[in-house]
S.K.: 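Sharing a structure here in structure tokens format.
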Amino acid sequence: MTTPSTPGDSSLATSVYSLSAKSPTEAEQYKARAANWRFSTLCASVDNKDQYGASSTPIYQTATFKGMDGQYDYTRSGNPTRGGLENHLARLYGATQAFALSTGMTCLDTILRLVKPGETVLAGDDLYGGTNRLLTYLGTHGGVKVIHADTTRIEALRPHLHPGNKVRMVLLESPTNPLLKIADLEGISKEVKLAAPDALIVVDNTMMSPYLQRPLDMGSDIVYDSGTKYLSGHHDLMAGIIAVKRPEICKDIAFLINSVGSGLAPFDSFLLLRGVKTMSLRMDRQMATAHLVALYLDSLGFLVHYPGLKNHPKRDIHYKQATGAGAVLSFVTDDKALSERIVGGTRLWGISVSFGAVNSLISMPCLMSHASISAAVRAERGLPENLIRLCVGIEDPRDLMDDLEHSLLSAGAIVPNLSHSPLSDSRSAELFTSDPEAWILDRAKGFKRPSEASTMDRLVSGVKRGLGFTSLERKSIDEDITVSAPGKVILFGEHAVVHGVTAVASSVNLRCFAVLSPRSDGKVALEVPNVGVEAEWEISRLPWGLLPVHPNTQRHIADKDLDPALHEAIEKLVHEHLELGKTGINSCIAYLYLYMVMAGAESEAPAVTFTATANLPISAGLGSSAAYSTCVASALLIAHSHIEKPGKDQSRVSEGDTNIIDGWAFLSEKVLHGNPSGIDNAVSVRGGAVAFTRSVGGRKGGLDGLHGFSSIRLLLTNTLVPRDTKSLVAGVSAKRLAEPHVVDPILDAIQSISDEASTLLSGQTHVERKELIARLETLIRENHTHLVNLGVSHPSLEIVVAATAAEPFGLATKLTGAGGGGCAVTLIPDDFPQSSLDALITTLEAQGFQPHLTSVGGPGLGIHASTSLKEDKVRNHEEGEGMVIPKRATLRETNIEGLQQWSERIGNWVHT
């Protein structure tokens, strides 16, 4: 077999200028040279004839053109920018005429209008999901017969080409999407023309682009591409291209586009023309990396679909008609759940539909781009549910491989090959530069599929375990565990609550959301995007030897106190390996502490990743740490089966499980804050409003729900001033020791305020709504004055208090939480005008603060109920590509504003 030519060696132009007796002019000589330009040159050399000599085709952003006899009159019919793009693309496709439309699917819709009711479309059985969807609609609503056949075998088409079928169109993809099957375009064209001369051969060339494959040169009548993909290359526009050889078909296509008005807009035409200029450069890089990725996966034993591999069954045919293998490949894992973990574990590979852009993408076609095809039809056509599609971009291949390899390892798709000796870093770098294929193959030798572990591997692993150099067989969890917990606002009694004074607090509708997901590489990981945490630890290297001896071997009830030695060791471990801010460091320590203590032994520690994010302001006194602690505690308790994951028919989390969760959340709060009151975790776990009294000095504490009020609006204003809760609490304690005659009367006064507020909010004393609000306003002002006297306010908080109290607002505000910055809370009366509220928010924002309108008394901890595997994902809107992807990945990528919608799309929440 001859080695296929590269794209750079191929040429679109075939014209040859013969020498005449007369010497050619300089212009004629240039024209002769231009006729033999290679494709990359053609891409960049746009024939622009702008009247002002612009080097780039101008954007004619106009709907109409003046005059009666000009070339253009209305942009629906034609536009100079679109015309310039179409002329340029006609050269690249070797077409008589090219047309630029709004999307690739618009192109197919336009082409299918050439088929009349009663005629037949013969199409492949491995097609893009959108193509299948449109063909199905045409067959059920348009009176057109649609037949699907295996286009990789010409003999499979012959039975359908008889005159009785009235085949008007044969629709092909090569390579197909997503199985990368190859159709013999030239062979099929000849076969069809002999049996059905009037049939049109249509090729979706999106997977190749005209750079790699030009079907019009192989007998096809119409070629179309999604310009969104390789032609544009940046996923910043939607476009489609139709290229046609025969003039009579050009006329029909032009008529349809003008009639319907589906031509590409001027600005998008400009963007697409710009993208085309770099197409060959981009695709060369993308193909080179795609080839390395395919070699890596293939050498590990995965079934890889990529025509560039020597073992591809139709490689010879592909390179007969194309000059490259493209940058899309797919592979199967034989395990749908494993594939989902791989896709959800990547970071550099973005999870998305589509392909052809400069950034690399990963997806599961059966859950995303091809989800519109029924599962039964997918199975009939041999489309595996566990198939993963990789669309390679222009990133450095070493970074892409690092990311993919990490995900394969953590998902359990590959394991280290203990008998392989890896190259040194310097030798690996040299090999990458000199021989990339040898580099990737050597890299792949460092790993194996789990089922391929040899006797030697097991022997080496056993010896290492015996010497303490590696971990035991790791546990994990069967499925994602998803939880959510609210923040809180202390209405009355902060700081005083530490000293036995009753505090009144309520949950707010700002929450922390978290997913605990399985992994298979012997590591435990934490991801908290809000504070920049992305860390993982070898489970075997955690300080298990310092776990305290505990009579409760099941570990389902939390200890009352921290173990100093273990706490210190975890602190040291985290500080040694991470460079994070204080909040990020503390989140790691709290997570690892609960993880270890709850496991009780290394052998019981699961390999998992905990991913958490929140729409709560962090370190602002709104209970973000308690919400985080509640999420960590509940997820780990479910992972260890200490509490049951609720079913979708369950209405509430049991009281017993609620108390267990609260105990562990309080222990986490101790890690984070030293001497917390316990009210934050109590509210976060239980929700609603509570009156909480801490047990101090032998006095009995308690927790009473307050259910005698309807929702009250609050404006939470984040000053964005960071504060240290632990230091502020310690400062008040020190002040009390030094000046009890000053502090104790203040604590007594705060107790009286909390008592009155509890009476009002519990409904024990009936008061009219307006009077209730007025009395609460008075209590808020009094409580804030006492907190100022305790020395825990801050100038920024006093600015908020003054701004909200000023005319025309006249509202009551106090600090909430530890003070020293953080948040202030303002009560918003029921009859407060919306215009005034808008003006207040504007005033606070102008001073650099972040106000959040919220309400108090919402639900507490939420646990996502057990569902079927198909339901246990995040779906997009019905009108999209049917995207269904793992929750961990969507949570990690969802911005703060979208978290509530993320939660609603999941559904099936069971609350305390």
Side-chain angles (χ1 to χ4, degrees), residues 95-97 99 101 104-174 176-177 181-206 215-216 218-225 240 242-257 259-260 262 372-374 377 380-381:
T96 300
Q97 194 168 353
F99 304 90
L101 287 77
M105 290 308 300
T106 306
C107 292
L108 180 58
D109 177 69
T110 301
I111 294 167
L112 289 174
R113 291 171 188 261
L114 301 176
V115 182
K116 299 183 179 67
E119 295 179 330
T120 296
V121 174
L122 180 57
D125 61 358
D126 179 29
L127 298 170
Y128 165 57
T131 299
N132 188 84
R133 182 169 53 221
L134 186 55
L135 288 174
T136 300
Y137 183 88
L138 187 66
T140 56
H141 294 75
V144 172
K145 184 178 181 180
V146 178
I147 299 173
H148 293 278
D150 182 2
T151 54
T152 65
R153 299 186 302 114
I154 296 178
E155 60 270 22
L157 303 179
R158 290 186 184 123
H160 305 293
L161 294 174
H162 58 81
N165 254 345
K166 297 182 181 178
V167 176
R168 173 57 175 159
M169 186 175 292
V170 177
L171 181 59
L172 304 171
E173 289 183 20
S174 186
T176 60
N177 178 12
K181 295 180 179 179
I182 304 301
D184 185 348
L185 299 179
E186 186 172 14
I188 291 175
S189 295
K190 290 178 180 178
E191 188 80 20
V192 172
K193 294 302 182 184
L194 286 173
D198 294 331
L200 297 173
I201 309 297
V202 179
V203 178
D204 178 352
N205 199 45
T206 305
L216 293 178
M218 291 170 265
S220 301
D221 299 298
I222 303 174
V223 172
Y224 72 98
D225 271 77
I242 297 176
V244 185
K245 199 82 166 181
R246 290 158 50 184
E248 66 273 18
I249 302 176
C250 293
K251 184 177 179 180
D252 292 338
I253 296 293
F255 172 80
L256 288 168
I257 294 171
S259 299
V260 176
S262 54
S372 59
I373 303 175
S374 70
V377 172
E380 179 185 339
R381 297 180 185 174

S.K.: Once rounded to the nearest 0.5 Å, what's the spacing between atom CD1 of Ile188 and atom OG1 of Thr151?
M.R.: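 Here the rounded value is 5.5 Å.
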S.K.: Nearest 0.5 Å, what's the SG-CZ distance between Cys107 and Phe99?
M.R.: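 Reported to 0.5 Å precision, the distance equals 10.5 Å.
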S.K.: With rounding to the nearest 0.5 Å, note down the distance linking CG in Asp221 to CZ in Arg246.
M.R.: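 Going from the CG atom of Asp221 to the CZ atom of Arg246 covers 4.5 Å.
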S.K.: For residues Leu135 and Ala123, report the shortest heavy-atom separation together with the two atoms involved.
M.R.: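 Taking Leu135 first and Ala123 second, the nearest heavy atoms are CD1-CB, 3.8 Å.
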S.K.: Quick one: CG on Asn132 to NE2 on His148, what's the gap to the nearest 0.5 Å?
M.R.: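 Asn132 CG to His148 NE2: 5.0 Å, rounded to 0.5 Å.
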S.K.: Provide the closest heavy-atom pair for Ala183 versus Ser174 in the form atom of the first, atom of the second, distance.
M.R.: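 That would be N-OG, 3.0 Å.
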S.K.: Nearest 0.5 Å please: distance from the CD atom of Gln97 over to the NZ atom of Lys251.
M.R.: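 Result: 12.0 Å between the selected atoms.
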S.K.: Would you please name every residue forming a side chain to side chain donor-acceptor pair (under 3.5 Å) with Lys190, sequence neighbours left out?
M.R.: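 Listed in chain order: nothing, the list is empty.
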S.K.: Would you indicate whether the side-chain heavy atoms of Asp125 and Lys181 approach each other to under 4.5 Å?
M.R.: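 Touching, per the 4.5 Å side-chain cut-off.
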S.K.: Working to the nearest 0.5 angstrom, can you tell me the gap between Asp252 CG and Thr110 OG1?
M.R.: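 Answer for the CG-OG1 pair, Asp252 versus Thr110, is 12.0 Å.
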S.K.: With salt bridge (charged side-chain N to carboxylate O under 4.0 Å, His left out) as the rule and sequence neighbours excluded, what pairs involving residues 135-145 come up?
M.R.: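 Listed once each, the pairs would be none.
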S.K.: Are side-chain heavy atoms of Leu171 and Tyr224 found at a separation under 4.5 Å?
M.R.: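 Result yes, sub-4.5 Å side-chain heavy-atom pair found.
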S.K.: Measure across Asp126 and Glu173 and return the closest heavy-atom pair with its distance rounded to 0.1 Å.
M.R.: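 Residues Asp126 and Glu173, closest heavy atoms: O-OE1, 3.8 Å.
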S.K.: Determine, stepwise, if the pair Ile222 / Ile242 fulfils side chain to side chain contact (heavy atoms under 4.5 Å, CB included).
M.R.: CA-CA 7 Å; Ile222 303 174; Ile242 297 176; 3.8 Å; yes
S.K.: Just by distance, do the side chain of Asp204 and the backbone of Thr206 share a donor-acceptor pair under 3.5 Å?
M.R.: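 Looks like yes, one N/O pair under 3.5 Å.
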S.K.: Measure the shortest side-chain to side-chain distance between Val192 and Leu161 over non-hydrogen atoms and say whether it is less than 4.5 angstrom.
M.R.: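 In short, these two side chains touch, coming nearer than 4.5 Å.
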S.K.: Which atoms form the tightest heavy-atom contact between Leu112 and Met169, and what is the distance?
M.R.: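 Answer, listing the atom of Leu112 first, then Met169: CD2-SD, 3.8 Å.
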S.K.: List the atom of Ala95, the atom of Val244, and the distance in Å for their closest heavy-atom pair.
M.R.: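 In terms of heavy atoms, the two residues are closest at CB-O, 3.5 Å.
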S.K.: Sub-3.5 Å donor-acceptor pair from the side chain of Arg168 to the main-chain atoms of Val121, do we have one?
M.R.: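 Not confirmed, Arg168 side chain does not pair with Val121 backbone.
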S.K.: Can you name the nearest heavy-atom pair linking Ala196 to Val167, along with the distance?
M.R.: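 For Ala196 and Val167, the tightest heavy-atom pair comes out as CB-O, 4.3 Å.
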S.K.: Does His160 offer a backbone N or O that forms a donor-acceptor pair with the side chain of Asn165 under 3.5 Å?
M.R.: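 At least one qualifying donor-acceptor pair exists.
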S.K.: If you count heavy atoms of other groups shown closer than 6.0 angstrom to NZ of Lys193, is the number above 12?
M.R.: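 Yes, enclosed.
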S.K.: Ile253 versus Leu114: any side-chain heavy-atom pair under 4.5 Å?
M.R.: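 Yes; the side chains approach each other to less than 4.5 Å.
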S.K.: Within a strict 4.5 Å, meaning less than it, do heavy atoms of the Met105 and Leu108 side chains meet?
M.R.: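 Heavy-atom side-chain distance check passes, below 4.5 Å.
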